[in-house]
Protein chains: 2
Amino acid sequence: MKIDPANPADLSAQIAQAIRNAIVSGELIVDERLPSESELADQFQVSRPTVREALKRLAAQSLIRTQRGATGGAFVNRISFEDAYSQQITTSTLLLSMNAVSFDTACEARYALERACAALSAQRRTADQLATMRAEIFRQAQPGLTDEAFCASDVAFHRALVDGADNPVLSYQLAGAVEAMQPLMNMITFTARSREEIIALHTKIADALEARDAPSVDATLIELETYTRQLARDVAERKRKTA
Amino acid sequence: MKIDPANPADLSAQIAQAIRNAIVSGELIVDERLPSESELADQFQVSRPTVREALKRLAAQSLIRTQRGATGGAFVNRISFEDAYSQQITTSTLLLSMNAVSFDTACEARYALERACAALSAQRRTADQLATMRAEIFRQAQPGLTDEAFCASDVAFHRALVDGADNPVLSYQLAGAVEAMQPLMNMITFTARSREEIIALHTKIADALEARDAPSVDATLIELETYTRQLARDVAERKRKTA
DNA sequence: AGACTTTTAAATGTCAGACAAATAAAATTT
DNA sequence: AAATTTTATTTGTCTGACATTTAAAAGTCT
């Protein structure tokens, strides 16, 4: 692990990259302890604050964890699916809110991914997951539910559908898509949407999953996508008229 | 933006979280300049190094960028699709290498996601993307190609397929899946695989995309998935026997 | 007046040294 | 032998300083 003093990039960024490479390449393995900050400072010929900045960069990516005390130090962290979820959701949310992504594009991606899970979910969903979906549908039908609560329940419903595929890798990959895009979609369409319509489609999906009828789940998700995109068009149209 | 001095967590982590919240909530907008490090130190009642550690955490997530000089400072960064790609690939790669994810699980997820793109790609792929795929197939047929180069070409082929869907959100979501899993799969199966077989399937996929025949693309991807999983089983079987 | 050069100020990047706090092992006492 | 105290190590934080970069302001020359 070496750094280049001639490199114009920050020393702390270079050091972080060097350690990151060592982790990705397997040179440093999970739970292995890194040298102490002072030792790293000596190795890289920099000061301790610079080393610390590098370590904080890595900590922000969940690549290391630190512990104080006599036997403490920085340890290579085993990235958990939960760590990865939350990072993905943050990144996806900002990516969508900061870039001019059309509603159609986001919507298309979200449903394409969700439908990829649906077939597996139809085979494997547990009674528990189905019960979760029914419960969320029930919640969605409550009068006086705020838009935020309806949106959260919507996310929970789709999350249960995705988890029904019983594939943590798939769930992880979709976490960003569903959890980041759903609020965005709700924000755009909540003024126009009909809760009854959505609840009816959710019920149809739950019924199809209960019957383990994959084609029907797929068809209903397409219906839901079509409905959502139509809503967005209506909202855009109305906005155009008033302006 | 406030921090809690009674909180046992690192001050720099708390400060990073406070600023992160301000960005996600829209309180700080893209390209907006944060207060200088000294000002932040005053605001949060901590020292400058602590503030700097917090800012480095945010920089590691591409949430801010810094610039030196008179009009410099830390600015809220517009996360690009490229930033998001590379973060996703790093995270996904480590997630898979550090956790006991079965080959079947990873493989299933990867092909489920890729097939989600295939239908769109069949409609929309450009001549250029098709040409890329053909070129990669040609490269894969070269004798004397190293396993690493074959693997890289394999990734490029599938990447072109995914990009054919012409949906950047979808491409971003799949980058992690395809680029992180493909090397893993190749590592496991390269001893046993038949390049001819893979090239034949790639050709079949390219032909189907050229004909814009979505069902055929889907079917061939299933074939490829089946072949890959069979390979993994063979390798595991052989390993079991020799042991 | 206008173009060029020099100066200055502000900001991040880096360093050195110090102390605080946490933690576990070692030493001591009961 | 058990409980307590001491000690060493390590991360967390602070203070203050200097280096470097950068753009604006001031100054100078034509």
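Quick caveat, the model's predicted, so the values are computed rather than measured. Hydrogens, waters and symmetry mates play no part in the numbers below; they use all other heavy atoms, side chains included. Chain naming here is simple, since letters A, B, ... match the order of the sequence lines and numbering starts at 1 in each.
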For [X] and [N], what is the distance between atoms [atom1] and [atom2] respectively, to the nearest whole Å?
X	N	atom1	atom2	answer
B:Glu37	D:dG16	CD	P	17 Å
B:Phe44	D:dG12	CZ	P	19 Å
A:Arg65	C:dA22	CZ	P	20 Å
B:Asp10	D:dG12	CG	P	5 Å
A:Asp42	C:dG17	CG	C1'	14 Å
A:Gln45	C:dT14	CD	C1'	14 Å
A:Leu55	D:dG12	CG	C1'	12 Å
B:Leu11	D:dT15	CG	P	12 Å

Is there a side-chain contact between B:Arg52 and the phosphate of C:dT12, meaning an N or O under 4.0 Å from OP1 or OP2? no
According to a strict under-4.0 Å criterion, is B:Thr66 in side-chain N/O contact with OP1 or OP2 of C:dA11?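 Looking at the OP1 and OP2 atoms of C:dA11, neither is under 4.0 Å from any side-chain N or O of B:Thr66.
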Distance (rounded to the nearest 0.5 Å) between A:Thr91 OG1 and B:Tyr85 OH: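 If I round to the nearest 0.5 Å, the distance is 14.0 Å.
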Let me know, please, whether B:Arg48 or B:Glu53 comes out on the 5' side of the other along DNA chain D by nearest nucleotide.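 Counting from the 5' end, the first nearest nucleotide belongs to B:Glu53.
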Nearest-nucleotide 5' precedence on DNA chain C, B:Pro49 against B:Leu34: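 Upstream on the strand: B:Leu34.
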Relative to the 5' end of DNA chain C, which residue comes earlier, B:Pro35 or A:Thr71, by the nucleotide with the nearest heavy atom? B:Pro35
Less than 4.0 Å between a side-chain N and a carboxylate O, is that true for A:Asp10 and A:Arg57?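 Looking at A:Arg57 and A:Asp10, the cut-off is met.
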Taking the basic N atoms (NZ, or NE/NH1/NH2) and the acidic carboxylate oxygens, is any pair closer than 4.0 Å for A:Glu237 and A:Arg240?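 Yes.
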Any donor-acceptor pair under 3.5 Å linking the side-chain atoms of B:Arg20 with those of B:Gln17? yes
Can you tell me if B:Gln129 and B:Thr126 form a side-chain donor-acceptor pair at under 3.5 Å? yes
Minimum-distance nucleotide (side-chain atoms of [X] versus [options]):
X	options	answer
B:Arg68	C:dT14, D:dT21, D:dG12	D:dT21
B:Ser12	D:dT13, C:dT12, C:dA21	D:dT13
A:Thr50	C:dT14, C:dG13, D:dG12	C:dT14
B:Ala70	D:dT13, C:dA10, D:dA19	C:dA10

